[in-house]
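The block underneath contains the structure these notes are about, expressed in structure tokens.
A, B, ... follow the sequence lines: proteins, then strands. Residue 1 opens every chain.
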There are 4 protein chains.
Amino acid sequence: MTAPALEDPPLADLPAPKRERGRQRVAAIMDAAVEVFSEKGYDAATMTEIAARSSTAIGSLYRFFPSKEALADALLQRYAQHVSASLAELEAQVQRMSMEALAGALVDFMLALQSQRRFAVALVDARGGSDERRRRFRASARGGIARILQRAIDGLAPAKAHAMSVVLLHLLKGIAVAADETPAIQAVLTGEIRELVRLYLLAARREARG
Amino acid sequence: MTAPALEDPPLADLPAPKRERGRQRVAAIMDAAVEVFSEKGYDAATMTEIAARSSTAIGSLYRFFPSKEALADALLQRYAQHVSASLAELEAQVQRMSMEALAGALVDFMLALQSQRRFAVALVDARGGSDERRRRFRASARGGIARILQRAIDGLAPAKAHAMSVVLLHLLKGIAVAADETPAIQAVLTGEIRELVRLYLLAARREARG
Amino acid sequence: MTAPALEDPPLADLPAPKRERGRQRVAAIMDAAVEVFSEKGYDAATMTEIAARSSTAIGSLYRFFPSKEALADALLQRYAQHVSASLAELEAQVQRMSMEALAGALVDFMLALQSQRRFAVALVDARGGSDERRRRFRASARGGIARILQRAIDGLAPAKAHAMSVVLLHLLKGIAVAADETPAIQAVLTGEIRELVRLYLLAARREARG
Amino acid sequence: MTAPALEDPPLADLPAPKRERGRQRVAAIMDAAVEVFSEKGYDAATMTEIAARSSTAIGSLYRFFPSKEALADALLQRYAQHVSASLAELEAQVQRMSMEALAGALVDFMLALQSQRRFAVALVDARGGSDERRRRFRASARGGIARILQRAIDGLAPAKAHAMSVVLLHLLKGIAVAADETPAIQAVLTGEIRELVRLYLLAARREARG
DNA sequence: AATGAATGAGGCTTCATTCAT
DNA sequence: AATGAATGAAGCCTCATTCAT
């Protein structure tokens, strides 16, 4: 039972670059966009800079992404697929993982996302892209976590799993926040969070076994 | 020993409105600003809209707050004082509170901030106002929580208290996130977080007693 | 034969402050205005700053001078009277002054104006006050010089005197320009100009004697 | 040995329009800017009006000149090159010109600049553009005149040449002032100035031969 | 199809002037 | 009469987006 895809017909109306050239271009633009959105935030990022950083003419950029919001949405979508895939993978392995191991795995999952963290903050938590897309992103991530929890903890009520997924996701996001601190502090904070996740999972299992 | 004030001469140097009229105006502006910043985020919020929402001429707005950043900073400062005072109050009462009670108190503290939550996200977590003021705000809040923890848990190492304060603050912020959900879900999430806070505090005490 | 007054009914419509208080206030405003116009130029000068520098409420300033232009005009008028008076005085003494002495006197006349030079540049040469007032100011100054010339040089044709007055005034203004240089250079330039004025006067006399 | 160029890479760093179209646009903008700066002075001139007069969208104007000051500087630079070139040309011809001829040539040089006179007043003498550029402009013009004088007058001390250049330049500027008068008067004034320049040159030669 | 010049709405801010107190 | 708060037009500049080449 894998994660249900997040996807819509992938930006169907965009000229779906068949040529390899086009695909590279789109990738370059998206990478530059992640950079710029991360550094400046959605509002302060400019299409011109994204074009420049990806060595793309502004006109070409608009050929692939018809608006700033469309670009942000595409980014969000790509990120969602990435997250979705990661969670699906984790779900496949979780079967009888100890709570301890699961806590570690969840933290690792978040650490692996680090590179895109500023970007995620810029677009998911702030106002980039459409509300709709943001909502869907969140729902998908929560669903992924909830499924993992239900696999990991026998007898966990679906409602409880969902509630926990919201709290866990939020808690894990703290790892991203920690990235602003010095590496030493960062390590400490990451440890704290892992421990807290563990406590949470254990308590949930206790309750589920009730 | 109460929390050290965050304050500079409150809103220093701004031509502190002498007439009563002016004070109302300032309050109206700040309230409108909280609304607009909350809805749109710092960058997308416009001074024009803030002026309109508070029925203030743009020129008047600038009389009181000489720049968008100054306005954001003033808001942040007011919020910081509020938070600081709340934490100081909590600190005074924490003496031999049970971990359970403390968890509840911390959650309540956050719930009491609800009304300003989107605003806090918009200005503290995003890129609004001066970095400096944001940094100070965070340091103050963390310090307040850390002091509470040390009072509440005998033998808690200062470093541990500080690390916990960061994690706790983040966790509590989840209550704000919950505000986007339906009241029913919100209640559930708030409960989850309270429970998690309790688990965290208990574990910390266990460890402190070693 | 003294200089014809430049004056209009001195700002007739202004509430002609009868009280001593008012006169002082007006003087303070005008002095502050000279300062500010000098430092910033007409456009960049602000009524608010002029009010502040003269410790006058902005509302009061507007009571005495109904607009920025009116203030500039009043300044120009006062300056014109000053210049007019100086020239009239010089005219009275010029009778049989040597050309050399006259050259010196003219240069001294300009040096005496130094303190108001930046102001004059700001308002006379640039666009402060009304065109009309500027025109009148120039005409008056030229007339004053022309009369002096005719007294100093027997047989000087009126047309020639007028032409010379234009050139002389312009030349003398060079002394003001020199004020931007170091004192040493300033002295040299002043000397050059004095010498040139002398040459000019001598040549004119030669020609007048034909 | 010709005048050292004033130039930086002409209008460096401005996105030097490649297409022919762009070049025309830039020229139109600069011409309109000269007009507007001349009529209104630096401060009172508005970018909006300059755009309108050159039938340019405001955004386009800013594409070529990223700020009002940059535009003024570019104008000043163009003017400086023009002046520099004229003076270099004059320098090349001055070798054994009579003082009379030189006086005429200098006056002609100034007359040739007429078309840009108000502009020069607006930007060089007033507070437009960067101080630095103004300073450089003046230094260059003075240097150009000083070199001409030294070529024209054997044995002229460099210090004296420099002092004279300042005075001469100022005197010649009087020709521009004359442009406000009727053509008849203008002619008379131009004549006066030419004569005065001649007197000045002759006196200097006398002194140099001493 | 690719390019980058052109467009203009709209943002922040200033300041002359008015008007309620 | 004196004060200074209030007003809003207008200035500079940015940037998402369009369009001619």
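Remark: C:S60 engages C:T56, C:A57 in a side chain to side chain contact (heavy atoms under 4.5 Å, CB included) (not counting sequence neighbours). The side chain to side chain contact (heavy atoms under 4.5 Å, CB included) search around D:A27 returns none, not counting sequence neighbours. Judged as a salt bridge (Lys or Arg N to Asp or Glu O under 4.0 Å), and not counting sequence neighbours, the contacts of A:R134 are A:D131. Scanning for salt bridge (Lys or Arg N to Asp or Glu O under 4.0 Å) contacts around C:K68 gives an empty result, with sequence neighbours left out. Considering only residues two or more places apart in sequence or on other chains, D:S55 meets the side chain to side chain contact (heavy atoms under 4.5 Å, CB included) condition with none of them. In this view, B:E39 and B:R53 satisfy the salt bridge (Lys or Arg N to Asp or Glu O under 4.0 Å) rule, not counting sequence neighbours. Qualifying salt bridge (Lys or Arg N to Asp or Glu O under 4.0 Å) partners for B:R138, counting only residues two or more places apart in sequence or in other chains: B:D125.
For the pair B:A45 and B:V36, the tightest heavy-atom approach, listed with the atom from each and the gap, is CB-CG1, 3.6 Å.
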Where protein sits on nucleotides 15-20 of chain E, one letter per nucleotide: B base, S sugar-phosphate only, - none, heavy atoms under 4.0 Å: BSBB--
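Of the listed nucleotides (F:dA6, E:dA1, E:dA6), E:dA6 has the atom at the smallest distance from the side chain of D:R63.
Per the geometry, CD1 belonging to C:I50 stands 18 Å off P belonging to E:dT14, to the nearest Å. Atom CZ of A:F37 and atom C1' of F:dC15 are 13 Å apart (whole Å). The nearest whole Å value for the distance from the CZ atom in B:F65 to the C1' atom in F:dA6 is 15 Å. The nearest whole Å value for the distance from the CZ atom in C:F64 to the C1' atom in F:dA2 is 10 Å. Separating the CD1 atom of A:I29 from the C1' atom of F:dA16 is a distance of 15 Å, rounded to the nearest angstrom. Nucleotide F:dT14 holds its P atom 14 Å from the CD atom of A:E49, rounded to whole Å.
For E:dT7, the OP1/OP2 oxygens have a side-chain nitrogen or oxygen of D:R25 closer than 4.0 Å.
A salt bridge is absent between D:D31 and D:R25; no separation between the charged side-chain nitrogens and carboxylate oxygens falls under 4.0 Å.
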Intra- and interstrand pairs of DNA chain E - dot-bracket, Watson-Crick/G-U under 3.5 Å, | marks other strand: .||||||||||||||||||||
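Both B:A57 and C:A57 sit near DNA chain F, but only C:A57 has its closest nucleotide nearer the 5' end.
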